Amino acid sequence: MEFDTIITNARIITASEVYPYLCSIGITSGKISAIASTLQPSQSTQVIDAEGAYVTPGGIDSHVHLHQDNASSGDKWLSGSRSALAGGNTTILAFATQEHKDESLFPVIDEYHSRARNQSYIDYGFHLILTKPTPHILNNELPKLASEGGITSVKLYMTYPGKRLHDGQMLDIMMTTRSLGMTTMIHAENADMIDLVTQRLLAHNKTTPYYHALARPAIAESEATHRAIALATLTSTPILLVHMSTPVALSHARKAQSKSLLPIHAETCPHYLYLTSQQLASTTNIHQDPETSHVHEEHDEWAGAKHICAPPLRHSEDDLQAVWDSLNNGTITVISSDHAPTRYDDIVSGKQKAVEAARLKGDGSKPTFAATPNGLPGIETRLPVLFHAATSDKVPAARRISLEKFVAVTSTNAARLYGFGDRKGVLAPGYDADVVIWYPQGDSKGRTVIRNAMLHHAIDYTPFEGHEVENWPRRVLLRGKVVWDRDVELRDGHGKGLLGGAGDGQWLSRRKGEVLVGRSGGGWEVEGMGSGEREAWGLAIGNTPLIRLS
Ligand code: DUC
Ligand code: ZN
Ligand code: ZN
């Protein structure tokens with residue numbers, strides 16, 4: 001047989017085009033080996049008819065938290081990757097955290113490898129959260145990690161005790177990551193502003209979940225974003241601002257991008273496109289009985305805590321619109337889920353932790369938003385809610401995206417940005433056969449009201465409870481193997497559509513990432529740095545005049 005599998009009648013979408021005619025995709029040894037207007041079914045024993053539906057590259061969720069630090073609650077690799085797969089993902093990038101001073105990176109990475117090994121349904125890689133940038137780490141370990149360890153990205157925090165880096169540390173790290181060509185991700189929020197507002201709110205008895213959104217004001221994100229861009233500019237370091245949520249912060253990114261001097265990439269998440277801080281004021285829990293499908297509501301003063309995340313959900317429809325606009329005008333490079341889940345019912349490390357802490361005090365103390373862990377689940381819902389924006393006529397024009405944009409921000413860009421764009425994120429011969437087949441447009445089987453009971457994570461809620469989408473990944477292929485079939489799931493019951501197994505996911509050793517924004521589509525220049533090719537990142541800072549951020 002010429003092909004292991006053929007997908008027929010596929011309406012292929014890439015980051016740059018929607019194929020104008022239906023195609024067949026031939027798959028051999030896990031790779032796409034042919035795309036043609038027709039391939040003969042007799043050329044393969046396995047033929048999958050896409051029935052004219054859209055076919056997209058497997059989703060790449062490049063920012064998820066699974067079994068991180070020592071969190072006891074939340075998703076570990078098995079449940080997290082399972083949920084990712086049922087939502088159309090074939091690759092996830094999660095975080096490994098350096099926690100202790102003078103801690104070598106290698107045992108940390110080994111530990112995270114051991115947590116994920118044989119536990120992932122889909123391919124995976126790690127970013128390093130760098131918290132203690134000693135000279136030894138920067139000069140000896142980071143270069144080795146990037147060149148031999150297959151980890152070519154770091155995340156830096158400007159907030160949180162234990163993780164927060166000061167500007168001098170950020171500059172030192174940026175000089176190193178620039179020279180190594182590592183992708184530098186930044187969580188930009190001003191820690192001192194947040195501390196001040198939090199203390200004042202608590203002192204005035206403003207403790208309920210809603211105040212979380214006030215405690216981390218937009219200006220804390222916009223100030224830190226501007227500062228991060230300035231630090232990157234001084235050191236000529238390409239950066240990626242993660243989970244961006246505010247109009248002003250996005251305008252800083254856009255302005256820096258439009259000067260075309262330095263690549264400033266921006267990431268956002270579905271919750272900043274769809275949800276506002278009103279969610280934090282909720283006092284209702286919604287449950288669906290998995291047996292009867294009956295949906296019932298119960299009053300719960302703390303229910304809004306389910307929506308505590310950082311940066312917080314913002315306040316108005318205008319805030320959401322600014323994120324949609326930034327997506328459509330090209331400011332945003334990638335949309336991740338930032339799946340950072342803890343269970344609501346967990347009193348040790350979940351959203352009920354604050355309630356339990358107050359109860360244990362026994363003096364009538366109230367639970368506080370400040371004692372509640374940050375983060376939302378979203379690994380399974382990311383693709384369906386965004387595909388809805390790309391395909392549904394019911395969505396207002398200002399909140400639509402093109403199909404090409406959908407593929408770019410949910411798959412292709414992440415693969416390129418994080419150094420595996422030569423293997424994944426594209427439907428073309430030579431690439432891994434990571435494929436999502438959707439339901440044909442208008443097929444009622446795709447229409448889905450999102451209920452937590454149907455999701456495959458280990459979390460007891462979804463912030464998208466009750467949201468309706470018109471389509472859902474029908475089949476998913478991971479390197480040519482059918483690992484998700486929703487028709488089986490709908491027919492045979494929860495979990496039955498997962499045809500793959502926890503050993504299917506392979507660890508991805510990554511190369512240096514590509515720069516995706518800036519002058520002439522990838523090439524970029526920094527004043528005083530000569531030709532400005534990426535090789536120039538290694539030039540000494542002494543050769544680089546300061547660039548004014550105006
Ligand atoms: N940062 C993240 O990236 N995820 C969850 C919480 C946070 O602060
Ligand atoms: Zn973060
Ligand atoms: Zn995160």
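Just so you know, ligand 1 is whichever comes first in the structure, and atom 1 is the first atom listed for that ligand. None of these values were measured; they are calculated from a predicted model.
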Compute whether any side-chain donor of one residue and acceptor of the other, for R343 and Q352, lie under 3.5 angstrom apart.
no
Which of the numbered atoms in ligand 1 are below 4.0 angstrom from a heavy atom of A310?
1 (N), 6 (C), 7 (C), 8 (O)
Look at K155 and state whether any of its N, O or S atoms is less than 2.8 Å from the Zn ion (ligand 2).
yes
I need the atoms of ligand 1 closer than 4.0 Å to a non-hydrogen atom of H187, numbered in the order shown.
1 (N), 7 (C), 8 (O)
If you have a sec, read the angle at the Zn ion (ligand 3) from D338 atom OD1 over to H65 atom NE2, to 10 degrees.
100°
Quick one: do the N413 and T333 side chains pair a donor with an acceptor below 3.5 Å?
no
Any ion pair linking K361 and E356 (charged N to carboxylate O, less than 4.0 Å)?
no
Considering only protein heavy atoms, which is closest to atom 3 (O) of ligand 1, and at what distance to one decimal place?
K155 NZ, 2.6 Å
Have D345 and Y461 got a donor and an acceptor in their side chains that come within less than 3.5 Å?
no
If you measure from the Lys or Arg side-chain nitrogens to the Asp or Glu carboxylate oxygens, is any gap between R511 and D422 under 4.0 Å?
yes
Any idea which part of A340 is under 4.0 Å from ligand 1, heavy-atom wise: side chain, backbone, both or neither?
side chain
Look at the aromatic rings of Y274 and W324 and report parallel, tilted or perpendicular, splitting at 30° and 60°.
perpendicular
Within the structure, does H243 bring an N/O atom to less than 3.5 angstrom of an N/O atom in ligand 1?
yes
Regarding E221 and R314, does a basic nitrogen lie under 4.0 Å from an acidic carboxylate oxygen?
yes
Would you say the Zn ion (ligand 3) has H243 as a near neighbour, meaning an N/O/S atom of that residue under 2.8 Å away?
no
So, W484 versus H456, ring centres under 6.0 angstrom or not?
yes
Tell me which N, O or S atom from H187 is the closest to the Zn ion (ligand 2).
ND1
Answer with yes or no whether F95 contacts ligand 1, where contact means a heavy atom under 4.0 Å from a ligand atom.
no
Take every heavy atom of H63, measure it against each atom of ligand 1, and state whether any distance is under 4.0 Å.
yes
Atoms in ligand 1 with a heavy atom of D338 nearer than 4.0 Å:
2 (C), 3 (O), 4 (N), 5 (C)
Parallel, tilted or perpendicular: which fits the ring planes of H65 and F95, with parallel below 30° and perpendicular above 60°?
parallel
Of the protein's non-hydrogen atoms, which lies at the shortest distance from atom 8 (O) of ligand 1, and what is that distance?
Y160 OH, 2.4 Å
